[in-house]
Amino acid sequence: MQLFNTRNYYLLINREKRGQTSHLYPSDMKGLLIPVPTDIKIQNENAKKYVKNYKEYERLASEADNILEKTYEVFESNFL
């Protein structure tokens with residue numbers, strides 16, 4: 001359910017909807033059943049992949065924040 005609360009997922013899922021007033025919220029998806037592998041090895045592999053990908057996401061988000069901060073500092077020192 002955490003995925004449905006991310007801004008990027010929200011934008012992607014709503015892009016697929018039709019109509020100008022159509023929105024899909026995380027609460028709309030609470031009733032969906034998500035298949036979970038019964039094999040614990042597969043569950044553990046999936047969890048490891050998730051953790052690895054999430055750490056990479058955090059690294060990239062931090063890198064992007066640093067780039068934006070440096071850009072702002074350059075802009076501020078040159079134009080403000």
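Just so you know, these numbers use all the heavy atoms, side chains as well, and skip hydrogens, waters and symmetry mates. No experiment lies behind these values; they were computed from the predicted model shown.
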Using the test side-chain contact (heavy atoms from CB on, under 4.5 Å), find all partners of N44 that sit at least two apart in sequence or belong to another chain. I40
Under the side-chain contact (heavy atoms from CB on, under 4.5 Å) rule, collect the residues that match up with N53, sequence neighbours excluded. none
Inter- and intrachain pairs under salt bridge (charged side-chain N to carboxylate O under 4.0 Å, His left out), touching residues 67-80, at least two apart: none
Within this structure, what is the NZ-CG distance for the pair K55 and L60, rounded to the nearest 0.5 Å? 14.5 Å
With sequence neighbours left out, the residues meeting side-chain hydrogen bond (donor to acceptor under 3.5 Å, both in side chains) with E56 are R59
Any chance you could pull the hydrophobic cluster mates of Y50, using side-chain heavy atoms under 4.5 angstrom and chaining through other members? V51, Y54, Y57
V36 and Q43 have their tightest heavy-atom pair at CG1-NE2, 3.8 Å
Could you work out, with side-chain contact (heavy atoms from CB on, under 4.5 Å) as the rule, every residue matching L33, not counting sequence neighbours? none
From OG1 (T71) to CG (N66), nearest 0.5 Å: 10.5 Å
Check whether S62 reaches the backbone of E58 with its side chain - one donor and one acceptor, N or O, closer than 3.5 Å. no
